[in-house]
Amino acid sequence: FLLDKVNYDNPVREMEFFMQFLAIIILELMENKQLKNRIQHDMEFNETMRELEDAKQAKDDFMANISHEIRTPLNSIIGIGSELLDAKVDDTTKEQLYDITVAGRNLMSLVSDILDFSELENDTMELVEEPYNITSVINDVVNMAHVWNKEKNLEIIVDCEADIPNNLLGDSQKIYRMILNLINNAIKFTDAGGVILFVGARKEPYGINLMVKVKDTGIGMSPEFMSHLFDPFSQEKVDARSVFQGTGLGMSIVKSLVDKMNGTIEVKSEQNVGTTFTVT
């Protein structure tokens, strides 16, 4: 086709034809090179992503395994400490045993936060649907709250509606973790006054929804921080010198647990007045 259609009698036309033909070949080679580079880049990118995913999975497996391994000796420390507290020992020894028990419980709570966060982040947490007694859950929460409250000596008020059914259906351990983190957060950021824990029920066509409200008289939160309240590792800073213990995972875990259980959480806060969390 080219040989028949191109007029080779004109040297200028002939030169133009070959220059254009050469340009097409060069462009094709450049495009082919670019395509190969893109394919190579995509392959390297996919390999890097696989390596990152493998590393992330290895990290998550390590965190889960180490958390479980730490829990075993911690349970022994807390259990032995609690038993020795009931024994007849002098006041100094009892105070030391109490400090050991408190430290063990705080470390256990930290380990549980890390494990919960890892499971929620990877969407591997499974809920257990079984009957439970909310009174037992609240008793466990309050006992732990009194341990945290020893130094601050805040007033802790528990208000439970009398008509809550004895047996509810849900994951009592996850509900315990959720309420515990709310109480811990309230005590941590409250220096004077107290914390109120309200537990009630809201009737629905299919049964009831559990309602939990935690109200404190603490430092409150700024409007700027409230928009980041449920972000992992976030904590409110009152001033440059204020340092609060913890990982900043508590509220992120609470929000994730509530979402996991198809619930809702509302927050109202005013600086230097207090904060109220309402979970349904």
Take I175 and M261 through the test side-chain contact (heavy atoms from CB on, under 4.5 Å) and record every step on the way to the result. CA-CA 9 Å; I175 294 173; M261 293 184 282; 4.0 Å; yes
Using side-chain contact (heavy atoms from CB on, under 4.5 Å), reason through Q271 and I219 one step at a time and then give a plain yes or no. CA-CA 6 Å; Q271 287 186 293; I219 61 174; over 6 Å; no
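By the 4.5 Å heavy-atom criterion applied to side chains, K268 and F277 are not counted as neighbours. Proximity of N167 to Y132: side-chain heavy atoms (C-beta onward) are nowhere separated by under 4.5 Å. At a threshold of 4.5 Å between non-hydrogen side-chain atoms, the residues R202 and T280 count as touching. Between N139 and T135, some side-chain heavy-atom pair lies under the 4.5 Å cut-off. At least one side-chain heavy atom of Q34 sits under 4.5 Å from a side-chain heavy atom of R38. Proximity of V214 to I183: side-chain heavy atoms (C-beta onward) are separated by under 4.5 Å at one or more points. Here the side chains of K260 and L127 are in contact, with some heavy-atom distance below 4.5 Å. When side chains are defined from C-beta on, V195 counts as touching I187, because their heavy atoms get closer than 4.5 Å.
One distance of note links CG of L182 with CG of L197; it measures 9.0 Å at 0.5 Å rounding. Note that CD1 of I134 is 8.5 Å distant from OG of S172, once rounded to the nearest 0.5 Å. Here the OG-CG distance, from S136 to N166, works out to 12.0 Å after rounding to the nearest 0.5 Å. Between the CG atom of L210 and the CE atom of M178 there is a distance of 6.5 Å, given to the nearest 0.5 Å. Note: L154 CG to H146 NE2 = 11.0 Å, rounded to the nearest 0.5 Å. Residue L52 holds its CG atom at 11.5 Å from CZ of R50, rounded to the nearest 0.5 Å.
When all heavy atoms of T275 and G220 are compared, the pair lying nearest together is OG1-CA, 3.5 Å. Nearest heavy-atom pair, K152 versus F189, reported as atom, atom and distance to 0.1 Å: NZ-N, 4.2 Å. Across all their heavy atoms, G194 and T217 have their closest contact at N-OG1, 3.1 Å. Taking every heavy atom of both residues into account, P131 and L169 meet most closely at N-CD1, 3.8 Å.
Shown here is D91, whose CG atom has no more than 12 heavy atoms of other residues, nucleotides or ligands within 6.0 Å. Summarising the local packing, CD of E155 is surrounded by 12 or fewer heavy atoms from other residues, nucleotides or ligands at distances under 6.0 Å. Taking a 6.0 Å sphere around CD of E204, one finds it holds more than 12 heavy atoms contributed by other residues, nucleotides or ligands.
Remark: side-chain polar atoms of E129 are not paired, donor with acceptor, to backbone N or O of D171 under 3.5 angstrom. Listed for the T190 side chain is no donor-acceptor partner under 3.5 Å among the backbone atoms of D216. Judged by distance alone, the side chain of T278 and the main-chain N or O of V212 form no donor-acceptor pair under 3.5 Å. Within the 3.5 Å criterion, the main-chain N or O of V128 finds no donor-acceptor partner in the side chain of K174. Judged by distance alone, the side chain of N185 and the main-chain N or O of N181 form no donor-acceptor pair under 3.5 Å. Judged by distance alone, with hydrogens and angles left aside, the side-chain atoms of K213 form no donor-acceptor pair with the main-chain N or O of V199 at under 3.5 Å. Side chain of N46 to backbone of D42: a donor-acceptor contact under 3.5 angstrom is found.
The cluster map of Ile, Leu, Val, Met, Phe, Trp and Tyr, joined by side-chain heavy atoms under 4.5 Å apart, puts V158 and F198 in different clusters. Grouping the Ile, Leu, Val, Met, Phe, Trp and Tyr side chains by contacts below 4.5 angstrom, directly or via other members, places L97 with I80. One hydrophobic cluster, built from ILVMFWY side chains closer than 4.5 Å, holds both I179 and I208. Both M251 and V267 are members of a single hydrophobic cluster when ILVMFWY side chains are connected at heavy-atom separations under 4.5 Å. I196 and I265 end up in different hydrophobic clusters when Ile, Leu, Val, Met, Phe, Trp and Tyr side chains are linked at under 4.5 Å.
Using a 4.0 Å cut-off between charged nitrogen and carboxylate oxygen, D90 and K94 do not count as a salt-bridge pair. Under the 4.0 Å criterion applied to side-chain N and carboxylate O atoms, E31 and K33 are not assigned as salt-bridge partners.
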